[in-house]
Amino acid sequence: MKVSVVGTGYVGLVTGACLAEMGNDVLCLDVDPNKIRILEEGGIPIHEPGLDKVVERNVKAGRLSFTTDIARAVAHGTIQFIAVGTPPDEDGSADLQYVLAAARNIGRLMTDYKVIVDKSTVPVGTADKVRAAVADELAKRGSDVKYAVVSNPEFLKEGAAVDDFMRPDRIVVGADDEQAILLMRALYAPFQRNHERLIVMDVRSAELTKYAANAMLATRISFMNELALLAEKMGADIEQVRLGIGSDQRIGTHFLYAGCGYGGSCFPKDVKALIKTAHGADQELLVLKAVEDANERQKTVLVSKVVKRFGADLKGKHFALWGLAFKPNTDDMREATSRVVLAELFERGATVTAYDPVAMEEARRIFGNDAHLSYADSPNAALQGADALIIVTEWKEFRSPDFDKIKASLKTPVIFDGRNLYEPSLVKQAGLSYESIGRQAV
Ligand SMILES: NC(=O)c1ccc[n+]([C@@H]2O[C@H](COP(=O)([O-])OP(=O)(O)OC[C@H]3O[C@@H](n4cnc5c(N)ncnc54)[C@H](O)[C@@H]3O)[C@@H](O)[C@H]2O)c1
């Protein structure tokens with residue numbers, strides 16, 4: 001099938017590459033010429049495990065190409081995926097300007113039947129807006145070319161995006177056009193050969209499903225984070241509580257980890273957008289508002305612990321920070337807890353040397369030449385001369401460190417761990433103090 005993907009970011013590039021892998025002829029469009037140049041030169045503009053190989057293989061096979069030429073992209077695909085960003089607007093609602101600009105481009109230039117697929121995460125009712133934007137452009141030039149608008153939200157996780165796309169738990173298709181449903185079934189058939197995973201529903205339900213999924217996952221995290229704060233005060237251990245409740249099949253073990261707050265490009269903005277949608281419909285989401293508040297508070301927990309130990313004025317203090325990305329296996333720092341931690345430390349006068357296996361370039365882009373922040377090329381190098389170690393991201397390479405080395409390198413042998421990576425008794429045995437989330441300090 002001929003497929004165009006509008007927006008070549010985390011979702012668009014993975015979608016395009018994986019569809020090409022199944023034999024489709026895919027053209028990816030982006031308005032960012034720099035991204036397209038990197039891809040045309042054989043590079044990958046983002047860090048996503050395994051993606052480089054899929055892209056390389058399919059470019060070589062002639063099934064995957066990249067362009068900034070809108071007319072070429074509109075002409076190419078019968079199926080037009082819209083996978084552009086939907087960042088939060090000032091009031092927290094999803095900013096649809098990129099989605100609607102993409103829709104208008106398609107409407108302005110299409111000359112034959114198109115299935116326009118919203119893959120971006122968009123509020124309920126957006127498909128109607130996309131349909132109207134396309135209709136408006138067609139009317140302007142007196143065209144009656146047929147088209148369908150489909151909602152096909154994406155559930156991939158950054159860091160495991162290729163696997164998630166290739167082996168999806170489910171594929172949600174919101175559509176009311178029979179021809180479009182047939183095409184979507186055919187397009188996704190290779191991804192579900194041993195198990196039917198495609199769920200066809202009405203467009204609005206599909207749009208809401210994506211927000212509902214992220215809201216539920218964010219809720220689990222904030223719930224555990226709140227309980228963790230209580231566990232600390234009550235002399236309990238959240239990790240034991242987690243095992244105790246996770247073994248209940250109705251609860252399950254996934255997404256039940258306490259930590260220093262969720263970040264990333266999806267949960268924070270999608271939770272905000274759903275709250276806003278509900279507010280607009282005069283149907284307040286009380287639980288979700290609390291989920292968001294709890295997460296904001298949780299991002300400050302690590303620095304509160306630092307302040308408790310070192311005092312509110314951190315002038316002259318220097319910290320090692322392990323992890324900048326909002327989670328492991330990605331370079332994405334959108335809404336990452338590290339940003340809140342760094343901002344608070346800087347405000348209190350501290351300096352930081354950070355290490356992250358892949359996100360340091362992104363951090364340099366965000367923080368520029370901020371004199372408070374320097375970078376190390378290994379976890380151990382970051383420790384040199386630091387008063388204490390703060391861990392924000394649970395990268396695998398942080399899981400079994402040499403505690404003796406950490407102790408020898410730090411001025412005050414203390415670790416503030418936002419991801420509960422270590423067994424407290426082991427850290428204590430090595431002569432270090434250890435403060436984690438929802439467990440007693442040792
Ligand atoms: N990142 C994730 O893990 C994830 C997962 C599921 C869903 N989503 C959703 O998918 C959407 C895209 O997210 P992302 O993380 O891939 O964003 P991204 O910022 O990585 O990529 C978006 C791309 O769209 C391009 N773009 C903007 N306007 C354009 C236009 N008119 N024409 C062509 N290209 C245009 C941008 O230059 C950018 O490269 C969002 O709605 C997001 O909520 C993201």
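Order of appearance sets the numbers: ligands from 1, and atoms from 1 within every ligand. Note that the coordinates shown come from a computational prediction; the quantities given were computed from them, not determined experimentally.
Of the possible polar contacts, none joining the Thr353 side chain to the Ala376 backbone as a donor-acceptor pair under 3.5 Å is found.
Qualifying salt bridge (Lys or Arg N to Asp or Glu O under 4.0 Å) partners for Glu196, counting only residues two or more places apart in sequence or in other chains: Arg185. Scanning for salt bridge (Lys or Arg N to Asp or Glu O under 4.0 Å) contacts around Arg364 gives an empty result, with sequence neighbours left out.
Side-chain contact check for Val14 versus Asp164: every heavy-atom pair is 4.5 Å or farther apart.
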Would you mind writing out a table of all protein N or O atoms found under 3.5 Å from any N or O atom of ligand 1, naming both atoms and giving the distance to 0.1 Å?
from	atom 1	to	atom 2	distance (Å)
ligand 1	1 (N)	Glu158	OE2	2.7
ligand 1	1 (N)	Ser265	OG	3.4
ligand 1	3 (O)	Glu158	OE2	3.3
ligand 1	15 (O)	Arg334	NH2	3.1
ligand 1	16 (O)	Tyr10	N	3.0
ligand 1	16 (O)	Val11	N	2.8
ligand 1	20 (O)	Tyr10	N	3.2
ligand 1	34 (N)	Val31	N	3.4
ligand 1	37 (O)	Asp30	OD1	2.6
ligand 1	39 (O)	Asp30	OD1	3.3
ligand 1	39 (O)	Asp30	OD2	2.6
ligand 1	39 (O)	Lys35	NZ	2.6
ligand 1	41 (O)	Thr86	OG1	2.5
ligand 1	41 (O)	Thr121	N	2.9
ligand 1	43 (O)	Thr121	OG1	3.4
ligand 1	43 (O)	Lys269	NZ	2.5

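Every pair passing ring pair (Phe, Tyr, Trp, His ring centres under 6.0 Å) that includes a residue from residues 124-181 is listed here, sequence neighbours excluded: Phe165-Phe191.
Ring geometry, Phe367 versus Phe346: the interplanar angle exceeds 60°, so the pair is classed perpendicular (tilted spans 30 to 60°).
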